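To start, the structure under review is shown below, and the notes come after it.
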Amino acid sequence: MNSVAISGSVRDNLGTKEARNLRRNGEVPCVVYGGEQPIHFSAPKLAFRDLVYSDVAKSAAIELNGDQVNAVLQDIQFHPVTDEILHIDFIQLVDGKPVALEVPVKLTGNARGVRNGGKLKQVLRSLKIKSTPDSLVGEISVDIAELRIGQSIRVSDVKPEGFDILNAESAVICTIKTARNAVEDEEEEGGEEAEGAEGATEAAAEESAES
């Protein structure tokens, strides 16, 4: 998992009024949980750009008064109108201690069902995983190349390496739905070859009978 460096300042004064003052000055109030005690700090809004607005999950290397704390995002609060970041909760990464976080799902390949006119629907765009820091991943790739119309890929079809997926195994990640312009799926190449061989055999038998 890639990491984003964030330079912040420890917050000594807590409370709603202090948090509002920080936001007015372009700072985001944050808390890191999971250590011996919560760490309250703030950092400039721009410092979180590559961490929050990313298509992959990343960890944060937070520098506070000369010390570094490694953590992952746990929760983000956005302003309901402006969408500005109001507050961020982190979970500290501790060697050997599992953490849970949401990881984006990346669909790879050109689905067979889509090539035949079906419509791809992605139901889950992220999965919740649990892992120790050394096995954390930034995304989970799901190959959909052989997915046909009417078929789905579920959580149970994903084979995690070094981490556990906490979503229900029966949950659908993506599916191919039929559409008006969809065509019947072509036969497997092996099947076509078998039919051709069978036809040649029949033809030969008929020719032998006639002679």
Side-chain angles (χ1 to χ4, degrees), residues 1-16 18-108 122 124-143 155 158-167 173:
M1 173 180 282
N2 293 330
S3 180
V4 175
I6 296 174
S7 181
S9 302
V10 175
R11 296 168 54 200
D12 295 322
N13 299 320
L14 307 178
T16 303
E18 180 63 22
R20 288 175 180 171
N21 289 335
L22 287 171
R23 297 187 189 105
R24 291 193 191 100
N25 294 324
E27 298 271 319
V28 177
C30 308
V31 183
V32 180
Y33 296 101
E36 294 182 0
Q37 59 184 7
I39 303 173
H40 298 264
F41 75 97
S42 66
K45 293 179 182 178
L46 290 178
F48 301 100
R49 181 182 57 190
D50 294 336
L51 181 67
V52 176
Y53 306 105
S54 172
D55 56 358
V56 297
K58 300 177 181 178
S59 62
I62 307 167
E63 184 179 343
L64 301 171
N65 301 343
D67 295 325
Q68 180 174 301
V69 177
N70 296 313
V72 291
L73 289 172
Q74 181 70 13
D75 185 55
I76 306 176
Q77 295 178 17
F78 293 95
H79 191 283
V81 178
T82 65
D83 245 8
E84 287 188 4
I85 301 174
L86 297 179
H87 189 275
I88 300 179
D89 287 341
F90 290 89
I91 291 293
Q92 186 172 346
L93 295 178
V94 179
D95 289 341
K97 184 178 180 180
V99 295
L101 74 155
E102 293 282 337
V103 176
V105 173
K106 180 181 180 182
L107 304 182
T108 63
Q122 185 170 357
L124 292 178
R125 297 191 176 276
S126 66
L127 293 174
K128 191 167 188 178
I129 70 170
K130 186 176 183 180
S131 169
T132 53
D134 59 316
S135 297
L136 289 175
V137 295
E139 64 183 9
I140 296 176
S141 294
V142 175
D143 186 3
V155 171
V158 179
K159 306 305 178 186
E161 297 182 3
F163 59 88
D164 295 323
I165 299 177
L166 302 183
N167 302 72
I173 295 175

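Please read all numbers here as calculations on a predicted model, not as lab measurements.
- Side chains of His87 and Asp75 form no contact here, defined as non-hydrogen atoms less than 4.5 Å apart.
- Across every non-hydrogen atom of Pro104 and Gly138, the tightest pair is CD-O, 3.4 Å.
- For the atom pair OG of Ser9 and CD of Glu63, the computed distance is 10.0 Å after rounding to the nearest 0.5 Å.
- In this structure, Phe48 and Ile6 have side chains that are in contact, with non-hydrogen atoms separated by less than 4.5 Å.
- Residues Leu124 and Val155 have side chains in contact (heavy-atom distance under 4.5 Å, counting atoms from C-beta outward).
- The closest side-chain heavy-atom distance from Arg23 to Pro29 is below 4.5 Å.
- Each of Leu51, Ile85, Val28 was evaluated against Ile76; a single residue qualifies, Ile85, per the side chain to side chain contact (heavy atoms under 4.5 Å, CB included) test.
- Atoms CD and OG1, from Glu139 and Thr108 in turn, are 9.5 Å apart once rounded to the nearest 0.5 Å.
- Atom CD of Gln68 is surrounded by more than 12 heavy atoms from other residues, nucleotides or ligands within 6.0 Å.
- Using a 4.5 Å cut-off on side-chain heavy atoms (C-beta onward), Ser59 and Leu136 make no contact.
- Note: Arg20 CZ to Asn25 CG = 14.5 Å, rounded to the nearest 0.5 Å.
- Of all the heavy atoms in Gly162 and Ser131, the pair that sits closest is O-OG, 3.5 Å.
- For CG of Asp95, the number of neighbouring non-hydrogen atoms (other residues, nucleotides, ligands) closer than 6.0 Å is 12 at most.
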Between Leu64 and Ile62, does a side chain to side chain contact (heavy atoms under 4.5 Å, CB included) hold up when you go through it step by step? CA-CA 6 Å; Leu64 301 171; Ile62 307 167; 3.8 Å; yes
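- Side-chain contact between Leu73 and Leu101: absent, with no pair of heavy atoms (C-beta onward) separated by less than 4.5 Å.
- A side-chain donor-acceptor contact under 3.5 Å links Asn167 to the backbone of Lys128.
- Nearest heavy atoms, Ser7 versus Pro44: O-CD, 4.0 Å.
- Atoms CG and CD1, from Asn70 and Ile91 in turn, are 14.0 Å apart once rounded to the nearest 0.5 Å.
- Nearest heavy-atom pair across Val103 and Ile140 is CG1-N, 3.9 Å.
- Annotation: Lys58, atom NZ; neighbour count of heavy atoms from other residues, nucleotides and ligands within 6.0 Å is above 12.
- Across every non-hydrogen atom of Ala60 and Ser3, the tightest pair is C-OG, 4.0 Å.
- No side-chain heavy atom of Val105 sits less than 4.5 Å from a side-chain heavy atom of Arg125.
- Within a 6.0 Å sphere centred on NZ of Lys106, heavy atoms belonging to other residues, nucleotides or ligands number 12 at most.
- The minimum heavy-atom distance linking Cys30 with Arg11 is given by the pair O-NH1, 3.7 Å.
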Chi angles and distances behind the side chain to side chain contact (heavy atoms under 4.5 Å, CB included) call for Leu127, Phe163: CA-CA 12 Å; Leu127 293 174; Phe163 59 88; over 6 Å; no
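- Expressed to the nearest 0.5 Å, how far CG of Asn21 lies from OG of Ser42 amounts to 11.5 Å.
- For the atom pair CG (Asp50) and CG (Asn2), the distance works out to 11.0 Å, reported to the nearest 0.5 Å.
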